[in-house]
Novice: 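Right, I'll just put the structure down here and ask away after.
Since the structure is predicted, the reported quantities are computational estimates derived from the model, not experimental observations. Quick note on labels: first sequence line is chain A, next is B, and so on, each numbered from 1.
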Amino acid sequence: MPELPEVETTRRKIEPLLRGRVIERVLHDAPHKYRDTALAEGRRVTGLSRRGKYLLLHLAAGEAAEATGGEHDLELIVHLGMTGGFRLTRGPHTRVSFELSGGEALHFDDPRRFGKVAVVRRGEYASMPTLAAMGPEPLSDDFGEAAFAELAARCGPVKPWLLSQKPVSGVGNIYADESLWLARLHPAQTRLTEGEAARLYHALRGVMAEAVERGGSSLGTGAGNYRQHDGEPGGFQHAHRVYGKAGEPCARCGTPIQKVVLGQRGTHFCPQCQPLRDPT
DNA sequence: CCGTGTGCCTGAAAGC
DNA sequence: TGCTTTCAGGCACACG
């Protein structure tokens with residue numbers, strides 16, 4: 001469930017806790033899921049970045065970091081999966097603990113264990129194919145309208161295509177549904193016209209920007225409820241127009257929102273204002 | 001290369 | 001009420 005806005009919010013919140021600290025020990029009991037974490041021990045966190053839904057901790061040798069002002073040669077990659085998040089205290093769902101210089105610790109909690117952690121050499125993402133093939137950041141200048149429209153003209157069903165992370169990075173189930181509603185596109189539409197692609201491009205940018213600004217979406221009441229380490233929920237769930245709104249009236253036309261399964265994902269849309277156009 | 005199907009994983013919600 | 005079943009879903013991987 002954490003998508004780009006939730007990961008970006010996480011990055012901003014934990015950066016002050018990590019920047020400049022040395023990771024003294026990394027504790028977990030699942031070496032296949034959390035790979036090469038011992039390489040992080042003794043290294044200093046010089047910064048945190050994000051690519052799509054991946055969080056990247058920049059790691060430099062403790063002394064080199066001070067000498068060079070932050071050149072890093074390793075990266076600790078975190079994917080939050082469905083239910084991953086950071087906490088200040090250990091809990092029943094803590095999967096990885098980071099012991100930091102200064103005596104503090106940060107814990108990676110992940111009830112459903114879909115999250116991943118790995119240490120790699122800087123920029124070497126061969127072991128993470130989705131990250132290696134990641135499309136442009138939706139809020140960056142690298143995400144161009146013309147290039148997006150060109151790809152969209154040849155796309156298959158548009159929602160699964162968005163979820164592939166290739167045309168644009170960081171879009172998950174919630175923000176795909178919300179963006180398609182805003183763009184008035186049926187989730188199964190193929191081969192978008194130039195006008196349709198333009199609507200979707202601007203919808204994606206608008207939805208992502210607003211969601212980041214509001215600190216992401218917090219849903220549900222249980223362990224899947226996405227919150228930050230300080231317990232603060234995001235606020236974008238109040239702006240959802242279709243996700244989780246099956247049976248409720250569409251905010252544009254009043255038609256009940258429909259929920260179907262598309263590409264094995266729950267998919268919410270308005271059958272009135274998001275009609276499936278005949279293939280051209 | 002591409003679309004499709006399956007497994008991973010466990011708490012919450014729904015069903016009986 | 002208490003047990004069982006279903007559902008949620010990002011991503012890696014196998015398949016045709």
Side-chain angles (χ1 to χ4, degrees), chain A residues 1-10 28-36 50-56 77-85 87 91-96 108-118 120 124-135 138 150-180 187-192 208 211 216-227 233 237 240 242-247 257 259-269 279:
Chain A
M1 191 168 48
E3 306 178 26
L4 185 152
E6 292 76 27
V7 178
E8 177 59 21
T9 303
T10 299
H28 61 81
D29 56 7
H32 293 291
K33 196 173 291 275
Y34 310 121
R35 298 176 49 172
D36 299 320
R50 179 191 55 72
R51 270 296 275 139
K53 306 176 199 174
Y54 292 82
L55 200 57
L56 307 169
I77 301 173
V78 181
H79 193 292
L80 302 179
M82 287 287 300
T83 56
R87 303 287 178 266
H93 305 305
T94 294
R95 308 303 180 197
V96 185
F108 178 64
D109 279 26
D110 186 19
R112 292 185 197 174
R113 300 179 190 262
F114 273 40
K116 288 181 171 59
V117 174
V120 303
E124 293 190 4
Y125 307 138
S127 63
M128 320 192 97
T130 302
L131 178 55
M134 184 81 56
E150 201 169 307
L151 292 174
R154 303 190 300 269
C155 76
V158 62
K159 182 179 174 185
W161 178 69
L162 285 177
L163 294 181
S164 75
Q165 307 301 304
K166 286 172 187 165
V168 61
S169 65
V171 179
N173 207 40
I174 296 173
Y175 296 104
D177 282 3
E178 294 299 323
S179 298
L180 290 167
Q189 189 65 59
T190 60
R191 302 169 63 95
L192 305 193
M208 285 304 195
S217 301
S218 296
L219 294 172
T221 54
N225 188 8
Y226 154 81
R227 276 165 188 261
Q237 66 279 9
H240 291 178
V242 285
Y243 187 85
K245 306 281 185 191
I257 297 301
K259 181 177 182 187
V260 299
V261 175
L262 177 64
Q264 283 91 271
R265 311 280 162 82
T267 296
H268 314 72
F269 71 106

Novice: Let me know the distance between CG of Leu80(A) and C1' of dC9(B), rounded to the nearest Å.
Specialist: 16 Å

Novice: Rounded to whole Å, how long is the line connecting atom CZ of Arg191(A) with atom P of dC2(B)?
Specialist: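 Distance, rounded to whole Å: 14 Å.
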
Novice: Using the closest heavy atom to pick a nucleotide of DNA chain B for each, name whichever of Lys33(A) or Lys166(A) lands nearer the 5' end.
Specialist: Lys166(A)

Novice: Per the salt bridge (Lys or Arg N to Asp or Glu O under 4.0 Å) rule, what does the pair list look like for residues 166-175 of chain A, sequence neighbours excluded?
Specialist: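 For residues 166-175 of chain A, and leaving out neighbouring residues, there are no salt bridge (Lys or Arg N to Asp or Glu O under 4.0 Å) pairs at all.
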
Novice: By the definition side chain to side chain donor-acceptor pair (under 3.5 Å), identify the one residue from Lys259(A), His268(A), Lys245(A) that meets it with Asp177(A).
Specialist: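 That would be His268(A).
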
Novice: In chain order, what residues pass the salt bridge (Lys or Arg N to Asp or Glu O under 4.0 Å) check against Arg51(A), with sequence neighbours excluded?
Specialist: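 So Arg51(A) forms a salt bridge (Lys or Arg N to Asp or Glu O under 4.0 Å) with Glu137(A).
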
Novice: Under the rule for salt bridge (Lys or Arg N to Asp or Glu O under 4.0 Å), what residues qualify as partners of Lys53(A), not counting sequence neighbours?
Specialist: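 Lys53(A): no salt bridge (Lys or Arg N to Asp or Glu O under 4.0 Å) contacts found.
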
Novice: Partners of Glu150(A) by salt bridge (Lys or Arg N to Asp or Glu O under 4.0 Å), sequence neighbours excluded?
Specialist: none

Novice: Could you work out, with side-chain hydrogen bond (donor to acceptor under 3.5 Å, both in side chains) as the rule, every residue matching Tyr54(A), not counting sequence neighbours?
Specialist: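 Scan of Tyr54(A) (side-chain hydrogen bond (donor to acceptor under 3.5 Å, both in side chains), adjacent residues dropped) gives none.
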
Novice: Could you list, one pair per line, each protein nitrogen or oxygen that sits under 3.5 Å from a nitrogen or oxygen of nucleotides 6-11 of chain C, together with the distance?
Specialist:
unit_1: dA8(C); atom_1: OP1; unit_2: Lys259(A); atom_2: NZ; d: 2.6
unit_1: dA8(C); atom_1: N3; unit_2: Arg112(A); atom_2: NH1; d: 2.8
unit_1: dG9(C); atom_1: OP1; unit_2: Asn173(A); atom_2: ND2; d: 3.4
unit_1: dG9(C); atom_1: OP1; unit_2: Tyr243(A); atom_2: OH; d: 2.3
unit_1: dG10(C); atom_1: OP1; unit_2: Asn173(A); atom_2: N; d: 3.4
unit_1: dG10(C); atom_1: OP2; unit_2: Arg265(A); atom_2: NH1; d: 3.2
unit_1: dG10(C); atom_1: O3'; unit_2: His79(A); atom_2: NE2; d: 3.3
unit_1: dC11(C); atom_1: OP1; unit_2: His79(A); atom_2: NE2; d: 2.5
unit_1: dC11(C); atom_1: OP2; unit_2: Lys53(A); atom_2: NZ; d: 3.4

Novice: Whole-Å distance between dG3(B) P and Lys159(A) NZ?
Specialist: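 Computing the Lys159(A):NZ to dG3(B):P distance gives 16 Å.
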
